[in-house]
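Note on naming: letters A, B, ... go to the chains in the order of the sequence lines (proteins, then strands), and numbering restarts at 1 for each one. Side chains included, hydrogens not; waters and symmetry mates left out as well; all remaining heavy atoms used.
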Amino acid sequence: MTLRVYDTRSREKREFSPLNEGRVSMYVCGITPYSPSHLGHARCYLAFDVVHRWLEASGYEVDYVQNFTDVDDKILNISESEGVDYSVVSNRNIEDYFEVMDAMNVRRADHYPRVTETIPEIIDMISNLQEKGHAYVGGDGVYFEIDTAPEKYGQLTGQTLEMVRAGAGGRVADTGSGKRDHRDFALWKLAKPGEPFWESPWGDGRPGWHIECSAMSLNHFGEQFDIHGGGHDLRFPHHEAEIFQSECCTGCEPVVGYWMHNGFVNVDGEKMSKSLGNFWTVREAFENHDPLALRYALLSVPYRNPIDLTPEFLQDAVIHYGRLVEAYSASLSSDTDSGIDLSNYSQRFTDAMNDDFNTRAAIIEIQAVVSQNPGRDVASWFEKYAGDVLGLLPSSAEVLAGRAEAESARADIADRVEGLLKERETARQTKNWDRADEIRDELNSIGVIVEDGPDGPTWQLA
RNA sequence: GCACGGGUGGCAGAGUAGCUAUGCAACGGACUGCAGAUCCGUGGACCCGGGUGCAAAUCCCGGCCUGUGCUCCA
């Protein structure tokens, strides 16, 4: 079975075939770093991290570019209210982004271009569009004129020019901008007093939001590239704007082979967002959950489906993640092979991932192996599939260290526990259940869980 | 309103025509003084109404509900 990828533009899963054999160019819209990352961001970059990993596991060489919109209105608002330079705000949140993504085993992209480092390329692209008659200078900046390429409208959303005209209703008049048509979008925004700016042929200002991604992808990949990813909400207008800009600039279409959009993280059935105030930052989530357990949760739903975040949903993932690590740990310490025929699991895992990166179905195969007897061969299987592909495993060193630590903690109190257990067994033999339970409670209070089995009691640390 | 998705057991979530999804939870049994863990087992679903088919959760039509987009947004 070959890899099939759902493409938003053609609205179907298509067999994956990159422009250059064996190589994949992938661009994913990155964050606007005006606040710490929340779980919605995590879902997106986790999803494309898995795409990245699976393409590589399938033998492709992947060139992965992800941008930072490090100057924009929201960043400027915050920098103004804090009385600091905008770069303080963006750098702080970019740092936060890398820290939390690293903690969740998100592998780094190959390039992280920033708007502020791409200004010359952006200006070139706008100039080019202007020369070709697709852009005009308005009162407060440069705009892309939609009517110069009406046939490109609606490729990702199915909307027509007329629909959007109707949908915008009365909002057009009060934008107060120098646009000719409200559907036109800004390529260059002239700076207002006090705002940071860059020089340009049209005056001091900064780029519009959409043009940066086009300029960056053109800069890194040229006229066409294979995969463009981002959140579902970016389809319109952001990604449609990119189609206009790139294809009108180069005359080459389609600019993107496969448009991939991840579903949202919802809370109580609604999109997690700043404006609704129902978001958790990734850091807040880390306070209650292991970063990799969160990763497990966010990958346990296929990337295009929405995730409704509930305590039960997270708890489920915590349980399964714990079992996975436990099974991996046990298999690392094993000195025999399990003798399990793992090829069936591998095959189903591969089929799942090849079906538009179905991590849910893939994880089920992981769970099936977790419930088998651990052995050395299982350890390497886990490392390959749960580790390399899904990124769900801590390093073997970490796992072994955790095991060693647990054993040493156990050894530290072993004498005391054994003594109490001996006393408890005496009590049990004389059917003194009150005393036996009292001892068990005492052990519980120091974090020891006692379990009576057919061969007598065993104990472990909670 | 228009566009694009989605509606599967208590919950999450696979499954694009015939064959037990799976996990968690629940229930029953084994084992237990009790508890826990473990093992074995059980039940339970395809939004509604039409249509096509030998056969539909799966295809077609209509309806209802719901999410997102149409403004910055992963």
Side-chain angles (χ1 to χ4, degrees), chain A residues 6 8 11 13 28-32 34-35 37-48 66 69 72-74 77 97 154 156-160 162-169 171-172 174-175 182-183 185 209 229-240 261-266 269-276 279 297 300-320 323 348 352 355 358-368 370-371 427-429 431-434 436-437 440-441 444 449-454 457-460:
Chain A
Y6 184 87
T8 306
R11 295 192 192 98
K13 285 181 197 169
V28 175
C29 286
I31 57 165
T32 300
Y34 70 98
S35 66
S37 299
H38 60 65
L39 288 178
H41 298 117
R43 208 298 233 212
C44 175
Y45 302 109
L46 240 24
F48 289 103
Q66 189 186 316
T69 306
D72 110 308
D73 290 343
K74 287 179 179 168
N77 288 342
Y97 172 83
L156 301 181
T157 53
Q159 300 181 113
T160 64
E162 288 67 30
M163 288 168 185
V164 177
R165 181 176 285 137
R171 287 197 297 274
V172 182
D174 54 9
T175 58
H182 80 275
R183 297 158 304 163
F185 53 87
W209 176 39
H232 203 250
D233 50 353
L234 261 34
R235 288 177 309 148
F236 187 94
H238 187 57
H239 289 161
E240 291 214 345
H261 295 101
N262 66 279
F264 291 121
V265 174
N266 295 334
E270 281 186 310
K271 174 184 171 183
M272 174 181 284
S273 73
K274 303 269 167 57
S275 53
L276 287 168
F279 65 94
S300 67
V301 174
Y303 76 92
R304 287 191 290 135
N305 292 13
I307 291 179
D308 202 8
L309 216 52
T310 60
E312 294 77 20
F313 174 76
L314 289 171
Q315 198 48 44
D316 229 44
V318 168
I319 290 170
H320 283 111
R323 285 181 190 167
R348 282 194 294 266
D355 183 14
N358 190 335
T359 50
R360 171 72 196 185
I363 279 176
I364 282 168
E365 299 308 320
I366 302 286
Q367 289 174 2
V370 163
S371 64
R428 291 182 74 205
Q429 271 153 28
K431 297 198 191 300
N432 186 352
W433 308 127
D434 285 347
D437 291 346
R440 186 165 62 194
D441 289 344
N444 281 344
I449 297 168
V450 179
E451 288 170 4
D452 297 320
T458 58
W459 63 278
Q460 59 185 349

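Between B/rC47 and B/rG69, the distance separating the two C1' atoms is 24 Å to the nearest Å. Only the C1' atoms considered, B/rC48 is 22 Å distant from B/rG10, to the nearest whole Å. The same atom, P, is picked in B/rU20 and in B/rA45; the two are 15 Å apart, to the nearest Å. Look at the C1' atom in both B/rG13 and B/rU8: the space between them is 9 Å, to the nearest Å. B/rA17 and B/rG51 have their C1' atoms separated by 15 Å, given to the nearest Å. Rounded to whole Å, the separation between the C1' atoms of B/rU32 and B/rA37 comes to 11 Å. Spacing between B/rA25 and B/rG50 at atom P, rounded to whole Å, works out to 39 Å. When the C1' atom is compared between B/rG44 and B/rG9, the two are found 5 Å apart, to the nearest whole Å.
Side-chain contact check for A/Arg360 versus A/Asn305: every heavy-atom pair is 4.5 Å or farther apart. Under the 4.5 Å side-chain criterion, counting only non-hydrogen atoms from C-beta, A/Ile366 is not in contact with A/His320.
Across all strands shown, A/Ile364 has heavy atoms under 4.0 Å from base atoms, whether or not it also approaches the sugar-phosphate. Backbone-only engagement by A/Tyr45 is indicated by non-hydrogen atom pairs under 4.0 Å involving sugar-phosphate atoms exclusively. Residue contacts shown for A/Glu451 include a base, since a base heavy atom lies under 4.0 Å away. Among the atoms of the strands shown, base atoms are found under 4.0 Å from some heavy atom of A/Gly40. The residue A/Gly229 sits apart from the nucleic acid: no heavy atom pair falls under 4.0 Å. Base contact: A/Val265 has a heavy atom under 4.0 Å from a base atom. Within 4.0 Å (heavy atoms only), A/His238 reaches no atom of the nucleic acid at all. As judged by a 4.0 angstrom heavy-atom cut-off over every strand, A/Arg323 is placed among residues touching the sugar-phosphate backbone only. Residue contacts for A/Lys431: at a heavy-atom cut-off of 4.0 Å it reaches no nucleic acid atom on any strand shown.
At whole-Å resolution of the value, OH in A/Tyr97 and P in B/rA74 are 11 Å apart. Following rounding to the nearest Å, A/Arg304 (CZ) and B/rG13 (P) show an atom-to-atom distance of 14 Å. What separates CD1 of A/Ile307 from P of B/rG13 is a distance of 8 Å, to the nearest Å. A straight line from CZ of A/Phe264 to P of B/rU66 spans 19 Å, rounded to a whole angstrom. In this entry the distance linking CD of A/Glu240 with P of B/rU68 reads 19 Å, nearest Å. Atom CG in A/Asp233 sits roughly 17 Å away from atom P in B/rG5 (whole-Å rounding). Rounded to an integer number of Å, the gap from A/Ile319 CD1 to B/rA37 C1' is 14 Å. With rounding to whole Å, A/Lys271 atom NZ is found 18 Å from B/rG5 atom P.
Along RNA chain B, the nucleotide nearest to A/Asn262 and the one nearest to A/Thr310 differ in position, and the one closer to the 5' end is contacted by A/Thr310. Sequence order on RNA chain B of the closest nucleotides to A/Tyr6 and A/Lys74 puts A/Tyr6 first from the 5' end.
Each of B/rA74, B/rA14, B/rC70 was ranked by its minimum atom distance to the side chain of A/Asn358; first place goes to B/rA14. Taking every side-chain heavy atom of A/Arg360 into account, B/rA21 is the closest of B/rC72, B/rA21, B/rG5. Residue A/Gln367 has its side chain nearest to B/rU22 when only B/rG15, B/rG69, B/rU22 are considered.
Nucleotide B/rC46: unpaired (no Watson-Crick or G-U wobble partner with both distances less than 3.5 Å). Pair assignment for B/rC39: B/rG29, on the basis of Watson-Crick or G-U wobble contacts that are both within less than 3.5 Å. Both distances falling under 3.5 Å, in either a Watson-Crick or a G-U wobble arrangement, place B/rC2 opposite B/rG69.
The glycosidic torsion of B/rG18 lies more than 90° away from 0, placing the base in the anti range.
Aromatic ring pairs are classed by plane angle as parallel below 30°, tilted from 30° to 60° and perpendicular above 60°; the pair A/Tyr45 and A/Tyr97 is perpendicular.
A search for side chain to side chain donor-acceptor pair (under 3.5 Å) contacts involving A/Ser35 returns A/Lys274, not counting sequence neighbours. For A/Tyr303, the side chain to side chain donor-acceptor pair (under 3.5 Å) partners at least two apart in sequence or on another chain are A/Asp356. The side chain to side chain donor-acceptor pair (under 3.5 Å) test applied to A/Arg348 returns A/Glu365, not counting sequence neighbours. Remark: A/Asn77 engages no residue in a side chain to side chain donor-acceptor pair (under 3.5 Å) (not counting sequence neighbours). Remark: A/Pro306 engages A/Asn266 in a side chain to side chain contact (heavy atoms under 4.5 Å, CB included) (not counting sequence neighbours).
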Between protein and nucleic acid, restricted to nucleotides 29-33 of chain B and to nitrogen or oxygen atoms under 3.5 Å apart, what atom pairs and distances do you find?
unit_1: B/rG33; atom_1: N7; unit_2: A/Arg428; atom_2: NH2; d: 3.4
unit_1: B/rG33; atom_1: O6; unit_2: A/Arg424; atom_2: NH2; d: 3.3
unit_1: B/rG33; atom_1: O6; unit_2: A/Arg428; atom_2: NE; d: 3.4
unit_1: B/rG33; atom_1: N1; unit_2: A/Asp437; atom_2: OD1; d: 3.0
unit_1: B/rG33; atom_1: N2; unit_2: A/Asp437; atom_2: OD1; d: 3.4
unit_1: B/rG33; atom_1: N2; unit_2: A/Asp437; atom_2: OD2; d: 2.7

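Put simply, the side chain of A/Glu240 gets close to the backbone of A/Gly154: a donor and an acceptor are under 3.5 Å apart. With A/His41 contributing its side chain and A/His38 its backbone, the two residues share a donor-acceptor pair below 3.5 Å.
Between A/Asn305 and B/rA14 there is a side-chain polar atom (N or O) within less than 4.0 angstrom of OP1 or OP2.
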